[in-house]
Amino acid sequence: MAILPIVYYSHPVLHKKADPVTLFDSALKTLIQDMYETMYHANGVGLAAPQVAIAKRIAVIDISEQRNKPFCIINPEILVKEGNELMEAGCLSVPGTYDKVPRALKVTVRAQNESGEFFEITGEGLLSHCLQHEIDHLEGKLYIDYLSPLKRRLLIKKMQKHLRREK
Ligand code: GNR
Ligand code: NI
């Protein structure tokens with residue numbers, strides 16, 4: 001197991017469409033274990049592979065309070081979206097920033113697990129938001145892309161300040 005380094009805006013891997021997974025081998029399982037460990041270490045509710053500089057359609061999620069219900073979505077697709085709401089978002093790749101983004105209230109996603117088996121998951125609230133956020137990462141989209149150019153510029157400045165303070 002390993003904690004992988006998280007890349008920040010404007011690393012190019014965050015802005016490109018990730019490639020589908022075709023090989024469900026032991027290297028994939030190791031990567032997923034490392035992504036779980038990295039997500040827990042960073043206190044995130046989700047983590048997409050591009051955030052650890054890997055341009056593949058993989059994300060891990062755990063929205064449980066006890067941090068003990070991890071699952072992964074590979075090659076995910078949104079089948080159904082219902083309703084709309086504004087939700088507060090953050091992102092480990094734009095650290096130190098938060099804002100409200102428009103999201104579907106409820107989504108149903110079809111994805112593959114680490115063995116390549118297809119499953120469906122339906123989520124509302126935080127789970128819905130998290131699924132949409134992680135799938136956006138696989139499309140090269142960040143939450144700040146939903147905001148006005150002015151707001152985006154402000155949040156990027158805020159992130160840079162935050163990163164300077166961290167050192
Ligand atoms: O940890 C995270 N929290 C969060 C809160 C509200 C909306 C989305 C998220 S996802 C984020 C982790 C992350 O950046 N995943 O890509
Ligand atoms: Ni994110």
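First listed ligand is number 1; within each ligand, the first listed atom is number 1.
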Taking 4.0 angstrom as the limit and counting only heavy atoms of [X], give me the atoms of ligand 1 inside it, by number and element.
| X | value |
| --- | --- |
| His137 | 16 (O) |
| Gly46 | 12 (C), 13 (C), 15 (N) |
| Gly44 | 1 (O) |
| Glu134 | 10 (S), 13 (C), 15 (N), 16 (O) |
| His129 | 7 (C) |
| Cys91 | 14 (O) |

If hydrophobic clusters are built from ILVMFWY residues whose side chains come within less than 4.5 Å, do [X] and [Y] share one?
| X | Y | answer |
| --- | --- | --- |
| Tyr98 | Leu92 | no |
| Leu31 | Met39 | yes |
| Val101 | Tyr9 | yes |

Between [X] and [Y], does any side-chain N to carboxylate O distance fall below 4.0 Å?
| X | Y | result |
| --- | --- | --- |
| Asp99 | Lys151 | yes |
| Lys16 | Glu139 | no |
| Glu77 | Arg110 | no |

Exercise for the section: Could you check which of Leu131, Ile6, Val45, Val94 puts a non-hydrogen atom nearest to atom 2 (C) of ligand 1? Expected result: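 Shortest heavy-atom distance from atom 2 (C) of ligand 1: Val45.
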
Measure the distance from [atom] to every protein heavy atom, then report the residue, atom name and distance (to 0.1 Å) of the closest one.
| atom | value |
| --- | --- |
| atom 6 (C) of ligand 1 | Glu88 O, 3.6 Å |
| atom 14 (O) of ligand 1 | Leu92 N, 2.8 Å |
| atom 11 (C) of ligand 1 | Gly90 O, 3.9 Å |

Cation-aromatic face contact Lys100/Tyr143, 6.0 Å, 45 degrees |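 Judged by the rule (NZ or CZ under 6.0 Å from the ring centre, within 45° of its axis), Lys100 is not positioned above Tyr143.
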
Of His162, Lys158, Lys161, which is the lone residue that meets side-chain contact (heavy atoms from CB on, under 4.5 Å) with Thr97?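 Going through the options one by one, the only one that passes is Lys158.
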
Does Glu65, at its CD atom, have more than 12 non-hydrogen atoms belonging to other residues, nucleotides or ligands within less than 6.0 Å?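 Counting other residues, nucleotides and ligands, CD of Glu65 stays at 12 neighbours or fewer.
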
N/O of Gln51 under 3.5 Å from N/O of ligand 1, yes or no?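 There is such a contact, yes.
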
Answer yes or no: does an N/O atom from Cys130 fall short of 3.5 Å to an N/O atom of ligand 1?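 Between Cys130 and ligand 1 (N or O atoms, distance only) the closest approach is not under 3.5 Å.
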
Exercise. Quick one: angle His133 NE2 - the Ni ion (ligand 2) - Cys91 SG, to the nearest 10°?
Worked result: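 Value, to the nearest 10 degrees: 110°.
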
